[in-house]
Protein chains: 2
Amino acid sequence: MDQERPLPPVIERMWGREPAPRRGPRPRLDLAMITAAAIELADADGIGGVSMAGVASRVGVAATALYRYVGSKEDLLTAMADAVAPLPPDPAGLPWRDYLATWTRAQRDIILEHPWVLTISPFVPPMGPRRLLWLDRVLTALDGTGLDDGERINVASTLTGYALTDAAVVYGAGDPAYEKAGISGADEFGAALAEVLDPATYPALSAAVRGGVFSGAEGWVNDDDFLFGLSLLLDGVEQLIARRGGVS
Amino acid sequence: MDQERPLPPVIERMWGREPAPRRGPRPRLDLAMITAAAIELADADGIGGVSMAGVASRVGVAATALYRYVGSKEDLLTAMADAVAPLPPDPAGLPWRDYLATWTRAQRDIILEHPWVLTISPFVPPMGPRRLLWLDRVLTALDGTGLDDGERINVASTLTGYALTDAAVVYGAGDPAYEKAGISGADEFGAALAEVLDPATYPALSAAVRGGVFSGAEGWVNDDDFLFGLSLLLDGVEQLIARRGGVS
DNA sequence: GACGTACTGTGTATGGCGTTCATAGTTTTA
DNA sequence: TAAAACTATGAACGCCATACACAGTACGTC
């Protein structure tokens with residue numbers, strides 16, 4: 001509001017405000033091409049497969065050329081985390097509860113398709129065009145509920161956090177450390193716990209393990225678990241809305 | 001239950017099952033000393049300050065000696081993430097709702113004191129003695145509520161996710177990228193958003209920004225926001241318990 | 001009491017990484 | 001046509017995780 005503090009160059013570029021050069025050779029790249037290449041690499045080989053050299057060779061330039069577009073590798077990762085998000089679902093005509101449910105699930109699905117997102121600080125307040133679009137849509141969906149802006153943003157970030165958590169549990173299956181230990185599902189996880197837990201110091205947990213909480217699941221988690229936690233949250237939101245006297 | 005599949009050596013060590021050597025020189029270290037040193041480094045200089053060489057010199061050995069205790073740097077990070085958790089609060093005598101609230105807040109506080117925890121995949125199902133102790137205690141606190149084991153674990157992981165999310169928002173303040181851009185609080189964040197958002201494509205969000213959602217806060221978030229989201233969740237849990245016919 | 005054995009810590013070396021910097025090359029403006 | 005502004009390059013630097021062969025040390029055995 002006060003000073004026009006200059007934003008970091010990468011963020012400007014994420015918003016399509018490329019500093020149009022008036023002289024010199026035309027840039028062979030733009031940020032979108034670079035992030036797209038980096039995302040392909042990450043999808044294929046995980047975040048470890050993303051190196052400046054690798055990305056550069058994929059877009060056909062030398063490694064150091066990328067530094068004309070991003071200030072550092074971290075900048076690139078930030079841009080990737082934003083660009084990987086598709087357009088958010090359209091809230092038009094949906095009751096808030098339905099929209100929040102599909103919105104949250106869609107966010108989770110992004111991570112399931114691109115699990116490396118979890119490793120690039122998925123928590124920092126977003127400044128990219130895509131993630132802010134997601135935020136905007138959920139605010140819209142909460143119109144007419146009587147919640148104020150702050151409450152709506154809180155709801156949004158709580159749901160985002162839930163999507164992250166849930167996706168991460170599913171992704172736990174893919175964690176290299178567990179794979180190496182032969183733990184590729186909740187079943188093996190439970191067996192490993194049983195081997196290690198002392199019932200005296202872990203009474204409730206070892207009882208649950210012996211009771212078979214982790215048994216019988218195909219992978220780590222089924223869809224019911226996701227819906228379970230989600231409805232917990234939405235029930236909470238609904239109560240709040242009722243208190244505010246909004247429509248349900 | 002079936003096969004005694006061998007667990008990874010680090011995990012054995014985390015549980016104090018050091019493979020007692022019967023010959024050769026006595027080990028000068030144990031895993032606890034190493035993780036403690038690494039945690040001090042991370043607390044001081046962030047996760048980037050943790051290098052094998054740095055940790056090694058802090059405990060007085062050569063860098064490569066650490067590989068007698070951890071299989072890789074990732075192993076070390078895993079051990080750190082477990083060891084950094086203090087003992088969980090005691091649930092004895094507390095109503096479940098009170099305990100869950102303090103439990104969740106305590107988890108958040110761990111991250112606020114050691115924000116680097118966020119960067120070492122904080123989501124993977126825990127296998128360390130400390131984090132499993134936390135899980136055990138919350139299961140205990142939910143005794144008598146009528147929830148089954150699976151539901152209790154779901155509640156626990158949802159709350160953990162919430163603690164992570166909330167802490168991460170606060171920690172957003174410390175993010176180097178934002179610091180560099182001069183964004184050190186919600187106020188500046190809002191100003192930056194205002195500079196970048198087009199009201200046509202971001203109607204609800206830019207209205208909220210103009211309305212001052214991000215104004216007036218000292219830092220990023222105040223405690224009210226934490227309690228707000230938390231009670232959302234606990235309300236949800238309470239409804240579920242009521243449906244199950246447990247005591248409230 | 002001496003030898004072999006098993007184990008711990010060291011030193012050296014390697015390959016990969018992100019990043020810096022001076023330079024060459026290219027397009028536009030004057 | 002010359003200068004200016006900008007882009008991509010190539011070589012080099014420092015840091016890092018890690019592999020491997022070696023030296024030193026304590027226990028178990030004869």
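Computed from a predicted structure; not experimentally measured. The chains referred to below are lettered A, B, ... by the order of the sequence lines, with proteins before strands, and numbering in each begins at 1.
Other residues, nucleotides and ligands place more than 12 heavy atoms under 6.0 Å from the CD atom of A:Glu12.
Distances were taken from every side-chain heavy atom of B:Lys73 (C-beta onward) to each of C:dG9, C:dC17, D:dA17; the shortest belongs to D:dA17. Here C:dT8 is the nucleotide among D:dA26, C:dT8, C:dT19 with the atom lying nearest to any side-chain atom of B:Pro27.
No donor-acceptor contact under 3.5 Å links the side chain of B:Arg23 to the base of D:dG28.
One interatomic measurement links the two molecules: CG of B:Leu76 to C1' of D:dC16, which rounds to 14 Å at whole-angstrom precision. Summarising the geometry, the separation between CG on B:Asp75 and P on D:dA17 is reported as 14 Å, rounded to the nearest angstrom. Counting to the nearest Å, the C1' atom of D:dC15 and the CG atom of B:Asp45 are 15 Å from each other. The interatomic distance linking B:Asp30 (CG) with C:dG9 (C1') rounds to 16 Å, in whole Å. Whole-Å rounding puts the A:Tyr69 OH to C:dG18 P distance at 19 Å. Nucleotide D:dA8 holds its C1' atom 12 Å from the CD1 atom of A:Ile34, rounded to whole Å. Atom CG in A:Leu31 sits roughly 17 Å away from atom C1' in D:dT7 (whole-Å rounding).
Listed by residue number, the members of residues 46-67 of chain A with any heavy atom below 4.0 angstrom from DNA chain D are A:Val61, A:Ala62, A:Thr64, A:Ala65.
Side chain of A:Arg137 to backbone of A:Pro88: no donor-acceptor contact under 3.5 angstrom is found. Proximity of a side-chain donor or acceptor of A:Trp116 to a complementary backbone N or O of A:Asp45 within less than 3.5 Å is not detected. The backbone N or O of A:Met127 lies less than 3.5 Å from a partner atom in the side chain of A:Trp15, making a donor-acceptor pair. Listed for the B:Asp82 side chain is a donor-acceptor partner under 3.5 Å among the backbone atoms of B:Arg131.
In this structure, the separation between CD1 on A:Ile47 and CD1 on A:Ile120 is 5.0 Å, given to the nearest 0.5 Å.
Applying the 4.0 Å criterion to OP1 and OP2 of C:dT28, one finds that A:Arg26 has a side-chain N or O inside that range.
Using a 4.5 Å heavy-atom cutoff, the side chains of A:Glu113 and A:Val84 are not in contact.
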